[in-house]
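Quick notes on the structure that follows.
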Amino acid sequence: ANPKDEVGRLTITINGLLSRLEAALARREEALERQRRFAADASHELRTPLTSISGHARMLDEWALEEDPQRARRSVGAIRREAARMGDLVESLLALTRGDEGGGLEFGRHDLAAVAEEAVQTARATADGRTSVEYARPARAVMATFDRDSILRLAGILLDNAVKYTPEGGKATVRVRERDGRAELEVSDTGIGIPDSQMPFVFERFYRADPSRTKGGAGLGLSIARQIAEAHGGTVEVSSKPGEGSTFTLRLPKKSPGPREPGL
Ligand code: ADP
């Protein structure tokens, strides 16, 4: 063969390899940046309740115990609340990390309608009558392959939000059905809804639409929900009308889960 041709072919091959390497490095860099962002956001979220706990503890230490038992009790209450918030947050962070590592899912054949029923019962207890939670369990089982604990958690997140973002007297409705060969869980509410401008972001980690209307969450619930759905080869989608309500829909393949993308 002509050595010149040979060199030309080699150059092309090497250039191709180089640009693939470059692309891989850029993806790595992006993943690292997302990890840095995640760690920074997580630390920030943890620092807020921690600051509050330290402040109240200092107050107790300095004077409240002896001089003002009522005030002391308030501080103890605040410490408990903030500690519980930190506990929830740490749980969520752990769930996200586990999901990123792709581990811990135990797939089995289950009835999505039964899982929904369990989540509804928990939500009714939490809502305490302020929001009604309606569910008509379908006559037939809606079988699919999934990790029961994770899907129960996902349903819990959607229901929790439906109750949280619906004013007193409103309604959350759960539906489970089979459609287009997939198992579907739909959670709709008559709540405050989500403005169009915020729709693209609600599934992002630490995203809270307008913090002034948020009720204490760290903005992790929906990102965990989406991560769980994707680990099953499924999807979660939202449609919403501000002032009227929102509908979140989980769709799961009925057969074994598809390939999953690593998160973060
Ligand atoms: P959190 O509820 O802890 O703030 P999520 O990740 O669960 O975090 O939700 C992100 C944001 O999406 C919320 O802050 C809220 O603004 C919006 N959102 C979620 N669910 C609903 C809902 N059912 N109705 C209205 N807004 C919602």
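Treat the numbers as computed from the prediction; the structure is a model and nothing was measured. Hydrogens, waters and symmetry mates are skipped; everything else that's a heavy atom, side chains included, is used. Counting starts at 1 for both ligands and their atoms, in listed order.
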Residue portion contacting ligand 1 (non-hydrogen atoms closer than 4.0 Å) for Asp189: side chain
Enclosure of Arg58 CZ (heavy-atom neighbours >12, cutoff 6.0 Å): no
Ile194 contact mode with ligand 1 (heavy-atom cut-off under 4.0 Å): side chain
Mode of Lys164 contact toward ligand 1 - side chain, backbone, both, neither (heavy atoms, under 4.0 Å): side chain
Within 6.0 Å of CZ in Arg36, more than 12 heavy atoms from elsewhere: yes
Heavy atom of Glu204, distance to ligand 1 below 4.0 Å: no
Min N/O separation Asn161 to ligand 1 under 3.5 Å: yes
Aromatic ring proximity His232/Phe107, centre distance under 6.0 Å: yes
Atom CD of Glu106: over 12 foreign heavy atoms under 6.0 Å: no
Cation-aromatic face contact Arg175/Tyr135, 6.0 Å, 45 degrees: no
Which of the ligand 1 atoms, numbered from 1, are nearer than 4.0 Å to a heavy atom of Tyr207: 10 (C), 11 (C)
More than 12 heavy atoms of other groups within 6.0 Å of Arg109 CZ: yes
contact_flag Phe203 ligand 1 heavy-atom lt 4.0 Å: no
Distance filter under 4.0 Å to Leu220 heavy atoms, resulting ligand 1 atoms: 6 (O), 8 (O)
Contact check: Gly221 vs ligand 1, nitrogen or oxygen atoms, below 3.5 angstrom: yes
Distance-only donor-acceptor check, side chains Thr235 and Arg251, under 3.5 Å: no
Polar contact flag for Arg208 and ligand 1 (N/O pairs, less than 3.5 Å): no
Element-labelled atoms of ligand 1 that are located less than 4.0 Å from some non-hydrogen atom of Ser246: 22 (C), 24 (N), 25 (C)
Residue part near ligand 1, for Ala218, under 4.0 Å between non-hydrogen atoms: backbone
Glu134/Ser132 under side-chain contact (heavy atoms from CB on, under 4.5 Å): CA gap, chis, key distance, verdict: CA-CA 6 Å; Glu134 312 209 338; Ser132 70; 3.8 Å; yes
Contact with ligand 1 for Gly219, non-hydrogen, under 4.0 angstrom: yes
side-chain contact (heavy atoms from CB on, under 4.5 Å) between Glu118 and Arg148, intermediate numbers included: CA-CA 11 Å; Glu118 200 174 322; Arg148 202 176 188 285; 3.1 Å; yes
